[in-house]
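Below is one structure, written out as structure tokens; comments come after it.
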2 protein chains.
Amino acid sequence: MTDGRKPSGETRAGDVLQRMRLDIISCVLKPGSKLRFEPLKDMYAVSFSTLREALSRLVAEGLVIAEGQRGFIVAPLSLADLIDLTDVRVLIEREALRLAIEKGDDRWEAEIIGTYHRMDRLQSRLGHEYYLSEDWSKVHGEFHYALVSACGSPNLLEIRQKLFERAHRYRRMSSQFRPKWREKDVEHRTIMEAVLARDPKRSSDLIERHIRETTENVVEHAGHLFSGGIPRAGADVAAE
Amino acid sequence: MTDGRKPSGETRAGDVLQRMRLDIISCVLKPGSKLRFEPLKDMYAVSFSTLREALSRLVAEGLVIAEGQRGFIVAPLSLADLIDLTDVRVLIEREALRLAIEKGDDRWEAEIIGTYHRMDRLQSRLGHEYYLSEDWSKVHGEFHYALVSACGSPNLLEIRQKLFERAHRYRRMSSQFRPKWREKDVEHRTIMEAVLARDPKRSSDLIERHIRETTENVVEHAGHLFSGGIPRAGADVAAE
DNA sequence: CTGTTTGATCTTTTCGAAATTATCGGTATC
DNA sequence: GATACCGATAATTTCGAAAAGATCAAACAG
């Protein structure tokens, strides 16, 4: 039997989903803004139904909120959500890291070293303000994924990934307010070393601090931007 | 301003989503089975697009899997998934319960006692094999939700709820194989008492055992039904 | 002047047909 | 005899128009 057909790649809805997700976590689509169909239809060059499907999936991912029969909005950012999200992330990341350190093999170690190297090199190439680059963000995400990838739990990894993506929107805010990114870079190296040394307690503590520090930075410097729960509900879909 | 309009209730897609979710977690739609559009269209009396939207959301919830351009299947059950799911649930439930015990107020306690009472009464009314009733399952779910509802973390609660629903499909298997449901009932009471006594360690340990015992029961008595990873890929959409 | 109703306009939601893509069986070729 | 190709069939995926619903402002009543 000729089983080797190309499973083909992407359904168009899946493609739009991916692009919208990136646009949301990078705040091209602003938190709290209404997602009207007409502009989006042009923006992504698809029809109502296809758009709708992507939106629906994003709802289940927590990046978009469906308001009864009143359409969709980009999930708002709020202080309460940031704090909650941080606590849950700490719980999940600690456990995933603990398991990964317990179970990780040579390939896992190599992947960590590899992604760190790529991240480091890209950073040098980009110079200061490297953290504003979407490319760097991508590699940064891959590095953090690599750390926990050997945890052996698909469910934990999936939950972690969704939380990580949601947190990206807050990280983005963080980078605008007194970014201590030189320190962040040192942290990444320190975390990697602790992980490769297979020290679960120290690794988890470092990861927790790594996560909490970013949150504290946002709370301290950008906290006032959140009024109550729905910040900057203003501007509609950004054309660019 | 007349703000008191009825926000209306359900979009039709949302309604279908809910019904399909119930049908999946109660295994009316069999794990691994292909979800063809024509039969489903008749079954739920909606059109392609509406159906598609519901399916899309279920994909993001992990109850349905989208296979490239080859349609949708009900997420299969597997031994590996059950074990992984159990471990993650234990992590989440323990933490949520710990927080709830720390933060819960009088209303929280009342809700626990209330749902337990309803569960207990319904059980008496249904007699033996009460656990096969969908109504009882619903109240059972509400009881377990009540226990952790005061944890103060919307994100944790949402994750917990999705995992709980996914686990329902395995619980259903459990009930078919030597159900020790008399013991389960005692466990619920014991858990409630420990929680109301605000003993976080004991409560979490009891919850963990409560969850793991069901899993062990499935592994022991139904484990052989899982071959590798994709069990009973057979039968299509069950008409009833 | 305040608050409610009504109707026009705009948005979202649903629908079923059209286009695209996979699947299956038959035929030819090595 | 087995494998690869090709055409017919059946499924999914996409589309844009039609229906249903929400929003806003003006007109009206208290």
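A note on names: the letters A, B, ... follow the listed sequences, proteins ahead of strands, and every chain is numbered from 1.
Remark: A/Trp136 engages A/Tyr130, A/His140, A/Trp181 in a ring pair (Phe, Tyr, Trp, His ring centres under 6.0 Å) (not counting sequence neighbours). With sequence neighbours left out, the ring pair (Phe, Tyr, Trp, His ring centres under 6.0 Å) criterion links B/Tyr44 to no other residue.
With a 6.0 Å radius and a threshold of 12 heavy atoms from other residues, nucleotides or ligands, B/Asp105 has its CG atom above the threshold. Heavy atoms of other residues, nucleotides or ligands lying less than 6.0 angstrom from CZ of A/Arg19 number more than 12.
What separates CD of A/Glu53 from P of D/dT14 is a distance of 6 Å, to the nearest Å. Between the C1' atom of D/dT12 and the CZ atom of B/Arg70 lies a distance of 12 Å, rounded to the nearest Å. Atom CG of A/Leu51 is separated from atom P of D/dC15 by 10 Å (rounded to the nearest Å). Rounding to whole angstrom units, CD of residue B/Glu38 and C1' of C/dC15 are separated by 14 Å. Put simply, CZ on B/Phe37 is 18 Å from P on C/dT20, counting in whole angstrom units. The nearest whole Å value for the distance from the CG atom in B/Leu55 to the P atom in C/dT14 is 15 Å. As a whole-Å value, the separation of A/Leu40 CG from C/dT12 C1' is 12 Å. In this entry the distance linking CZ of A/Arg57 with C1' of D/dT13 reads 12 Å, nearest Å.
Among C/dC15, D/dA11, D/dT14, the nucleotide with an atom closest to any side-chain atom of B/Arg36 is D/dA11. For A/Thr11, taking side-chain heavy atoms from C-beta onward, the closest of the listed nucleotides D/dT13, C/dT14, D/dA22 is D/dT13. Minimum atom distance to the side chain of A/Gln69 is reached by D/dG21, of the listed D/dG21, C/dT12, D/dC15. Distances from the side chain of B/Arg12 to the nucleotides C/dT12, C/dT14, D/dT13 place C/dT14 closest.
Geometrically, B/Lys41 engages B/Phe48 in a cation-pi contact defined by less than 6.0 Å to the ring centre and at most 45° from the axis. At least one test fails for B/Arg121 against the ring of B/Tyr116: distance under 6.0 Å to the centre or angle within 45° of the axis.
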Within the sub-3.5 Å range, which N or O atoms of nucleotides 16-18 of chain D have a protein N or O partner, and how far apart are they?
residue : atom : partner : partner atom : Å
D/dG16  : O6   : A/Ser49 : OG           : 2.8

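Screening B/Ile92, B/Val90, B/Leu85, B/Thr86 against B/Val88 for a side-chain contact (heavy atoms from CB on, under 4.5 Å) leaves a single residue, B/Ile92.
Checking the phosphate oxygens (OP1, OP2) of C/dT13, a side-chain nitrogen or oxygen of A/Arg52 falls inside 4.0 Å.
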